[in-house]
Amino acid sequence: MLDAIRRSEQLSRVELAEATGLSGQAISNIVRRLLDAGLVREAGRLRGAGLGKPRTLLELEPTGQYAVGVHLDPSVVTVVLLDLTGEVVARRPVDQYADDPGVLIDGIAKTIEEVIAASGAPRDRVSGVGIAAPGPIDVERGVVVDPPNLSTWHLVPLRDALSERTGLPIVLDKDVTAAASAEKWAGHGGSFVFFYLGTGVGAGLVIGDEVVRGSSSNVGEIGHVIVDPDGPLCFCGRRGCVGEASQPRYLVEQAVQAGVLAEGIDLDDRHAVDAAFARLCALAVDGSGAAQKIVTTLAERIAKVVEDIANLLDLERVVFGGPHWEQLAPVLHDRVRTALEGRFLLAAVHPFDVTGTALGADVGAIGAASLVLDRTFSPNPSLAPALAAER
């Protein structure tokens, strides 16, 4: 019933009975419990020809429950708080990013408390914390397992460590899966691939409105798809893997070699690379031919991967997002669409759309929080990982 109300925004008791197949008496009993729990509220009456007695409309009570979302990326960590309707009511980046897992987890826990306090939300209405982390992850144990771009994170028990520090139930999932879940939660379902562009790349999958996780919840590891046999050497020992060829570090290095950016950038300094990458994107947007060529080549690499996934799984669209998407979008969006033209083999049956996420740079964190809310709304949650407090 909660999910039916959420999807329609407002429903009467009669419409709820039609949507759920429950009897009028069952609807009345459940609605009374939801009203008493503060999860729904009455929102006026619906009048109209043929309706008889005006029907009282029900809608979600935004303050009835909250969920925290944490997005852990090698370049930035963001914490958001969602209300029951899925709206962001507070957000904050973790101020001091640290390579040491224990120090960073302390910072995340501190930021969670700050976000809750800043929002004014009663802490007892915060139902849990979702974490979107780079893979691979061990969902059963709540462990982050050696992510390629987090060199010091070896078998880190992130879920339980954060639960101990906050006292809140925690759920851990992959960043790309969380991002895909966020798109689905926002009402953009169907069958699509979410192409994540951050320090690394990944693919979240939704097929037939269901989030696909794979046998170990590590679906979407596309970083080692080879898109350029003569490309950069990857840590896996091969050349031209899309993950390595899409990294800001490599793109900045290309820009320096092409004379687009000045020499002297320390490619081992994450902050220096991020600043240089932002400059490269700005130059491409402003029309610099050499900068645009670098981004166009990136678009070709990405389109090759998207093409294979879309044709293999008969998808309807690709949704781009992640920390670096907004900087690249003004140039990359149209270049990818152009590169994909004629490559989707089912174009005669249905179109294939190229879009950017409507949820902005916080899509990973929003998705992490939506994993928690999903347990509240869904009779058969798409959420596979269990909350730490439930174990």
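FYI, the numbering just counts along the sequence from 1.
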Membership question, hydrophobic clusters at under 4.5 Å side-chain separation (ILVMFWY): are [Y] and [X] in the same one?
X      : Y      : answer
Leu313 : Leu346 : yes
Val285 : Val252 : yes
Leu58  : Ile30  : yes
Val176 : Val242 : no
Val144 : Val76  : no

Trace of the side-chain hydrogen bond (donor to acceptor under 3.5 Å, both in side chains) decision for Glu113 with Thr166: CA-CA 8 Å; Glu113 298 301 337; Thr166 64; 5.6 Å; no
Greater than 12 external heavy atoms within 6.0 Å of [X]'s [atom1]:
X      : atom1 : answer
Arg33  : CZ    : no
Arg279 : CZ    : no
Gln257 : CD    : yes

Any chance you could lay out the side chain to side chain contact (heavy atoms under 4.5 Å, CB included) test for Ile309 and Leu205, step after step, and finish with the verdict? CA-CA 10 Å; Ile309 297 172; Leu205 284 174; 4.2 Å; yes
With rounding to the nearest 0.5 Å, note down the distance linking [atom1] in [X] to [atom2] in [Y].
X      : Y      : atom1 : atom2 : answer
Thr297 : Gln254 : OG1   : CD    : 7.0 Å
Leu84  : Leu2   : CG    : CG    : 7.0 Å
Leu283 : Ile294 : CG    : CD1   : 9.5 Å
Leu22  : Met1   : CG    : CE    : 7.0 Å
Ile137 : Leu72  : CD1   : CG    : 11.0 Å
Asp99  : Leu150 : CG    : CG    : 8.0 Å

Side-chain touch [X]/[Y], heavy atoms, less than 4.5 angstrom:
X      : Y      : answer
Thr56  : Arg13  : yes
Thr152 : Asp100 : no
Cys234 : Arg239 : no
Val40  : Ile5   : yes
Phe195 : Val336 : no
Leu298 : Leu328 : yes
Asp73  : Tyr196 : yes
Tyr66  : Ser127 : no

Of all the heavy-atom pairs spanning [X] and [Y], show the shortest one and how long it is.
X      : Y      : value
Ser119 : Leu81  : OG-CD2, 3.1 Å
Ala161 : Ile105 : CB-CD1, 4.0 Å
Phe344 : Ala310 : CE1-O, 3.8 Å
Val193 : Ala203 : CG2-CB, 3.7 Å
Thr85  : Pro62  : CG2-CG, 3.9 Å
Gly364 : Ala178 : O-CB, 4.0 Å

Can a salt bridge be assigned to the pair [X] and [Y] using a cut-off of 4.0 Å between side-chain N and carboxylate O?
X      : Y      : result
Lys304 : Glu300 : no
Asp106 : Arg165 : yes
Asp173 : Arg213 : yes
Glu221 : Lys174 : yes

Quick one: does any side-chain atom of [X] pair with a main-chain N or O of [Y] as donor and acceptor, under 3.5 Å?
X      : Y      : result
Asp209 : Gly190 : yes
Gln247 : Arg249 : no
Asn311 : Glu307 : yes
Ser8   : Gln10  : no
Arg238 : His224 : yes
Arg159 : Val171 : no
Ser370 : Gly367 : yes
Ser217 : Val139 : no
His333 : Val354 : yes
Gln292 : Ala284 : yes

Test side chain to side chain contact (heavy atoms under 4.5 Å, CB included) on Val372 and Val129; report intermediate values, then the result. CA-CA 7 Å; Val372 178; Val129 178; 5.7 Å; no
Would you say the side chains of [X] and [Y] form a donor-acceptor pair under 3.5 Å?
X      : Y      : value
Asn218 : Ser216 : yes
Thr63  : Glu61  : yes
Gln25  : Ser28  : no
Thr355 : Arg317 : no

Going by the angle between their ring planes, with limits at 30° and 60°, are Trp325 and Phe320 parallel, tilted or perpendicular?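 Parallel.
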Qualifying residues under salt bridge (Lys or Arg N to Asp or Glu O under 4.0 Å), relative to Asp274, sequence neighbours excluded: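 If we apply the salt bridge (Lys or Arg N to Asp or Glu O under 4.0 Å) test to Asp274, skipping adjacent residues, there are no hits.
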Given the rule in the salt bridge (Lys or Arg N to Asp or Glu O under 4.0 Å) test, do Asp362 and Arg91 qualify, once you have shown the distances and angles that lead to the verdict? CA-CA 9 Å; Asp362 292 332; Arg91 72 173 300 279; 2.6 Å; yes
Let's go through Val206 and Phe192 carefully: what are the C-alpha distance in whole Å and the side-chain angles of both, what is the deciding distance for side chain to side chain contact (heavy atoms under 4.5 Å, CB included) to 0.1 Å, and is it a yes or a no? CA-CA 5 Å; Val206 174; Phe192 65 91; 3.5 Å; yes
Test side chain to side chain contact (heavy atoms under 4.5 Å, CB included) applied to His71 and Val77, step by step: CA-CA 6 Å; His71 180 203; Val77 181; over 6 Å; no
Between Asp3 and Arg7, does the salt bridge (Lys or Arg N to Asp or Glu O under 4.0 Å) criterion hold? Intermediate values first, please. CA-CA 6 Å; Asp3 195 46; Arg7 291 177 181 275; 2.9 Å; yes
